[in-house]
Amino acid sequence: MVIDFHTHAFTDSIAEKAVSSLSKTSGIAPLTDGTVKNLIEFMNGEGVDKSVILPVATKPSQQVTINNWASSISDEHIISFGTLFPFSENILDEAERIKSLGLKGVKFHCEYQKFFPDDANMYPVYQKLAELNLPVIFHGGWDPLSTDIIYGTPERFAKAVSDNPDLTFIIAHLGGMKMWNDVEKYLAGKFDNLYFDTSCLSRYISPEVFYNIIKIHTPEKILFGSDSPWDKPSDILKMIDSFELSDFEKEQILCLNAKKLLNI
């Protein structure tokens with residue numbers, strides 16, 4: 001089985017507009033039309049069995065609507081996380097509602113939501129999510145949207161992860177897009193409650209650096225992810241398959257670690 005732990009889709013009504021806008025920002029041509037239906041079709045062609053969709057609320061008013069939609073699309077092919085907007089008034093109540101909806105975790109995006117992951121004002125939220133047994137996944141490092149400030153740096157994540165040992169953290173893009181030296185310095189292999197995913201790496205990292213971080217952090221803490229529609233799962237799968245890893249280590253990355261976190 002292959003579980004893609006990092007994918008994106010949108011409601012049918014906004015998919016075209018959302019994908020077009022994100023494509024313009026990133027300069028990357030999308031591989032799907034942004035709908036859930038097309039994501040499933042694409043993943044079937046790429047050899048992916050299940051996809052984890054990671055929605056992002058870019059303002060407080062979006063939380064409820066997005067989380068309701070995320071719950072409605074979950075089926076045998078789709079597993080969805082919920083989203084919270086940092087510092088919104090009802091954030092703890094919405095965290096509990098995410099749990100009640102059956103969503104499997106919470107997605108934050110420091111660059112889009114403009115907050116530092118080690119902001120102490122977020123710690124009550126992290127504590128609540130730990131109590132609810134909901135893992136959190138963050139965009140890590142640089143993003144095409146980034147300006148002079150990168151909010152989600154490996155150094156800041158290291159403090160957040162260290163200060164909140166009961167919460168399971170997942171940092172996308174192998175801990176910090178385009179910040180690989182800092183990933184090794186501050187994060188890789190240093191925390192029991194920290195996972196990385198492999199999303200969108202076929203264009204941004206050399207196989208040598210990719211493999212080195214996997215070995216330091218260990219395969220049991222790596223989750224396969226593509227960042228679809230912005231990268232092809234098959235390209236990342238080929239990279240992983242080329243590494244000197246045992247069959248069991250590859251299986252950990254491709255599905256076993258995900259099954260553990262998602263309780264499936």
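For the pair R203 and D231, the minimum side-chain heavy-atom distance is below 4.5 Å. Side-chain contact between K104 and L134: absent, with no pair of heavy atoms (C-beta onward) separated by less than 4.5 Å. Between T7 and M43, the closest side-chain pair of non-hydrogen atoms falls below 4.5 Å. Contact check for I170 versus L261: side-chain heavy atoms found under the 4.5 Å cut-off. When side chains are defined from C-beta on, I150 does not count as touching D143, because their heavy atoms never get closer than 4.5 Å. Taking 4.5 Å as the limit, some side-chain heavy atom of L129 sits within range of a side-chain heavy atom of L84. V125 is not listed as a side-chain neighbour of F87, based on a closest heavy-atom distance of 4.5 Å or more.
For the 3.5 Å distance criterion, the side chains of S88 and Q63 qualify, holding a donor opposite an acceptor. Side-chain contact annotation: Y195 with N257, donor-acceptor N/O pair under 3.5 Å absent. Defined by atom type and a distance below 3.5 Å, a donor-acceptor pair is missing between the side-chain atoms of D166 and Q127. Using modelled atom types, one finds a donor on one side chain and an acceptor on the other under 3.5 Å when comparing Q62 with T58. For the residue pair N193/T168, the side-chain donor-acceptor check at 3.5 Å is not satisfied. A side-chain donor-acceptor contact under 3.5 Å links E94 and N67. Judged by distance alone, the side chains of N68 and R97 do bring a donor and an acceptor atom under 3.5 Å apart.
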Just do the side chain to side chain contact (heavy atoms under 4.5 Å, CB included) check on D182 and T153 with the steps written out, would you?
CA-CA 8 Å; D182 280 355; T153 65; 5.9 Å; no

With side chain to side chain contact (heavy atoms under 4.5 Å, CB included) as the criterion, how do I149 and F116 come out once you've worked through the C-alpha distance, each side chain's angles and the decisive distance to 0.1 Å?
CA-CA 10 Å; I149 298 174; F116 295 106; 4.2 Å; yes

Chi angles and distances behind the side chain to side chain contact (heavy atoms under 4.5 Å, CB included) call for I3, M1
CA-CA 7 Å; I3 300 175; M1 177 180 285; 3.9 Å; yes

Checking side chain to side chain contact (heavy atoms under 4.5 Å, CB included) for the pair W142/Y204: CA distance, chi angles, key distance, verdict?
CA-CA 11 Å; W142 172 87; Y204 289 121; 3.8 Å; yes

Run F210 and W180 through ring-ring contact (aromatic ring centres under 6.0 Å, His included) and show every step you take.
CA-CA 9 Å; F210 190 177; W180 316 122; 8.6 Å; no

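In this structure, V56 and I66 approach most closely via the heavy-atom pair O-CD1, 3.7 Å. Counting all heavy atoms, side chain and backbone alike, G152 lies closest to F157 at O-CE1, 3.3 Å. Shortest non-hydrogen contact noted between P165 and S162 is CD-O, 3.7 Å. Between K232 and S226, the closest heavy-atom pair is C-CB, 4.5 Å. A pairwise comparison of heavy atoms in I78 and I73 identifies CB-O, 3.6 Å as the closest pair. The two residues P233 and F42 have their closest heavy-atom pair at CD-CE2, 3.8 Å.
With rounding to the nearest 0.5 angstrom, the CG atom of L245 is 10.0 Å from the CD1 atom of I222. Annotation: the span from I98 atom CD1 to S71 atom OG amounts to 10.5 Å, rounded to 0.5 Å. Separation of atoms CG (L39) and CD (E46) is listed at 11.0 Å; rounding is to 0.5 Å. To the nearest 0.5 Å, atom OG of residue S202 and atom CG of residue D227 are 10.0 Å apart. Note that the CG atom of L92 and the CG atom of L132 stand 9.5 Å from one another [nearest 0.5 Å]. Atom NZ of K250 sits about 9.5 Å away from atom CD1 of I240, to the nearest 0.5 Å.
Ion pairing of K128 with E96 is present here, as a side-chain N (NZ or NE/NH1/NH2) and a carboxylate O approach within less than 4.0 Å. Ionic pairing of D4 and K50 is not present here: no N-O contact between side-chain nitrogen and carboxylate oxygen is shorter than 4.0 angstrom.
At distances below 3.5 Å, not a single donor-acceptor pair connects side-chain atoms of S74 with backbone N or O atoms of I79. Under the 3.5 Å distance criterion, the side-chain polar atoms of E220 are left unmatched by any main-chain donor or acceptor of Q252. D241 places no side-chain N or O within 3.5 Å of a backbone atom of L237 that could act as its donor or acceptor partner. For S23 (side chain) and S20 (main-chain N/O), no donor-acceptor pair under 3.5 Å exists by modelled atom type. No donor-acceptor pair under 3.5 Å is formed between the side chain of S228 and the backbone N or O of W230. Between the H217 side chain and the F191 main chain, no donor and acceptor come within less than 3.5 Å of each other. Checking side-chain atoms of Y123 against main-chain N and O of D163 turns up no donor-acceptor pair under 3.5 Å. Under a 3.5 Å cut-off, the side chain of N38 and the backbone N or O of D33 do form a donor-acceptor pair. Side-chain N or O atoms of Q113 include none that pairs as donor or acceptor with a backbone N or O of C110 at under 3.5 Å.
Within the structure, ring pair (Phe, Tyr, Trp, His ring centres under 6.0 Å) contacts touching residues 1-37 (residues at least two apart or in different chains) are F5-F81, H6-H8, H6-H173.
Grouping the Ile, Leu, Val, Met, Phe, Trp and Tyr side chains by contacts below 4.5 angstrom, directly or via other members, places L22 with F108. Linking Ile, Leu, Val, Met, Phe, Trp and Tyr whenever their side-chain heavy atoms come within less than 4.5 Å puts I214 and I236 in one cluster. V183 and L223 sit in two unconnected hydrophobic clusters of ILVMFWY residues. Membership requires side-chain heavy atoms under 4.5 Å apart, directly or through other members. In terms of hydrophobic clustering, with Ile, Leu, Val, Met, Phe, Trp and Tyr side chains grouped at heavy-atom distances under 4.5 Å, I28 and Y112 are assigned to a common cluster. Note on I53 and F138: same hydrophobic cluster, where clusters join Ile, Leu, Val, Met, Phe, Trp and Tyr whose side-chain heavy atoms are under 4.5 Å apart, directly or indirectly.
If you look at Y126 and F169, their ring centroids are closer than 6.0 Å. In this structure, the ring of Y151 has its center no less than 6.0 angstrom from the ring center of F115.
Within a 6.0 Å sphere centred on NZ of K190, other residues, nucleotides and ligands contribute more than 12 heavy atoms. In the displayed structure, K238 atom NZ is contacted under 6.0 Å by at most 12 heavy atoms of other residues, nucleotides or ligands. The 12-atom threshold is exceeded at CD of E41, counting heavy atoms of other residues, nucleotides or ligands nearer than 6.0 Å.
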